[in-house]
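Heavy atoms only: backbone and side chains are in, while hydrogens, waters and symmetry mates are out. If you're wondering where the values come from, they're calculated on a predicted model, not measured in any experiment.
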Amino acid sequence: MARDVQITFDCADPAGLAAFWAEALGYQPQDPPAGFQSWDQALAAMGVPPERRNDASAVIDPAGSGPRLFFQRVPEGKQAKNRVHLDVRAAPGLHGDARMAALEAEAERLVAHGANRLRRYEPAPPLGAGHIVLADPEGNEFCLD
């Protein structure tokens, strides 16, 4: 039996990183619990002090097909290269120059939202289609593929 997965990010600013990934993936913030207009209202009702209200955040795929992304505050910063990373499929079905142009356009858009460009890998047929490596605002590497 297949299982649903959630992808969890350790980070310093859950709300900020959630906003970046919502933008990158076309996701949206998870709605607050029923009966509350906002998360701040819900957290206040739960007795969470203001200084703890950015301890966690989540974004979801509005179509319901992608995994939930959860962001949790941790005290330490990122220490090393990711062993697991996300590939954002920004040029499905495209090849060669058209593919790389689409990846460049998406890289430019995400850099404007706080990503850092790390490197570009040119197409290397027959197996290498080319991709661009970026880092999110907290330094987590991901690929535009």
Participant: Considering non-hydrogen atoms only, spot the tightest contact between Ala102 and Leu94 and give its length.
Facilitator: CB-CD1, 3.7 Å
Participant: Verify the neighbour count for atom CG of Asp97: are there more than 12 heavy atoms of other residues, nucleotides or ligands below 6.0 Å?
Facilitator: no
Participant: Using every non-hydrogen atom in the two residues, find where Phe70 and Ala58 come nearest and quote the distance to one decimal.
Facilitator: CD1-CB, 4.2 Å
Participant: How many angstroms lie between atom CG of Leu144 and atom CE of Met100, to the nearest 0.5 angstrom?
Facilitator: 9.5 Å
Participant: Just verifying a value: how many Å separate Cys143 SG and Leu118 CG, rounded to the nearest 0.5 Å?
Facilitator: 9.0 Å
Participant: Provide the closest heavy-atom pair for Gly130 versus Asp145 in the form atom of the first, atom of the second, distance.
Facilitator: O-OD1, 4.4 Å
Participant: So, the side chain of Glu141 versus the backbone of Asn82: is there a donor-acceptor pair under 3.5 Å, distance only?
Facilitator: yes
Participant: Does the pair His85 and Asn140 meet the rule for a side chain to side chain contact (heavy atoms under 4.5 Å, CB included), with working shown?
Facilitator: CA-CA 8 Å; His85 68 267; Asn140 300 300; over 6 Å; no
Participant: Determine whether a donor-acceptor pair (N or O, by modelled atom type, separation under 3.5 Å) exists between the side chain of Glu108 and the backbone of Glu104.
Facilitator: no
Participant: Quick one: closest heavy-atom pair of Leu17 and Pro137, and the distance?
Facilitator: CD1-CD, 3.8 Å
Participant: Do the side chains of Thr8 and Gln72 get nearer than 4.5 Å, heavy atoms only?
Facilitator: yes
Participant: What pairs with Leu43 under side chain to side chain contact (heavy atoms under 4.5 Å, CB included), at least two apart in sequence or on another chain?
Facilitator: Trp39, Met46, Val48, Arg53
Participant: For the pair Lys78 (side chain) and Ala80 (backbone), establish whether a donor and an acceptor sit closer than 3.5 Å, ignoring hydrogens and angles.
Facilitator: yes
Participant: Would you confirm whether Gln28, through its side chain, and Asp61, through its main-chain N or O, come within 3.5 Å as a donor-acceptor pair?
Facilitator: no
Participant: Using ring-ring contact (aromatic ring centres under 6.0 Å, His included) as the criterion, list what pairs up with Tyr121, not counting sequence neighbours.
Facilitator: His131
Participant: Using a cut-off of 6.0 Å, state whether more than 12 heavy atoms not belonging to Glu122 lie near its atom CD.
Facilitator: yes
Participant: For the residue pair Gln6 and Pro67, establish whether any side-chain heavy-atom pair is separated by less than 4.5 Å.
Facilitator: no
Participant: Does Gln79 reach the main-chain N or O of Gly77 with its side chain, forming a donor-acceptor pair under 3.5 Å?
Facilitator: yes
Participant: Is the distance between the ring centroids of Trp21 and Phe142 less than 6.0 Å?
Facilitator: yes
Participant: Going from CG on Leu25 to CG on Leu110, what distance comes out if it is rounded to the nearest 0.5 angstrom?
Facilitator: 8.5 Å
Participant: Measure the CD-CG distance between Glu106 and Leu134 for me, rounded to the nearest 0.5 Å.
Facilitator: 9.0 Å
Participant: What I want to find out is whether Glu23 reaches Arg109 closely enough, with some N-O distance under 4.0 Å, to be called a salt bridge.
Facilitator: yes
Participant: Roughly how far, to the nearest 0.5 Å, is the CZ atom of Phe71 from the CG atom of Asp13?
Facilitator: 10.5 Å
Participant: Just verifying a value: how many Å separate Ile60 CD1 and Leu69 CG, rounded to the nearest 0.5 Å?
Facilitator: 10.5 Å
Participant: Are Val111 and Val133 connected in the hydrophobic side-chain network, where two residues link if heavy atoms are under 4.5 Å apart?
Facilitator: no
Participant: Does Pro123 reach the side chain of Arg99, with side-chain heavy atoms less than 4.5 Å apart?
Facilitator: no
Participant: A quick test of your reading: do over 12 heavy atoms of other residues, nucleotides or ligands sit less than 6.0 Å from NE2 of His95?
Facilitator: no
Participant: For Ala15, does its backbone N or O pair with a side-chain atom of Asn54 as donor and acceptor, under 3.5 Å?
Facilitator: yes
Participant: Output all residues satisfying side chain to side chain contact (heavy atoms under 4.5 Å, CB included) with Asp55, sequence neighbours left out; order by chain, then residue number.
Facilitator: Arg52, Arg73
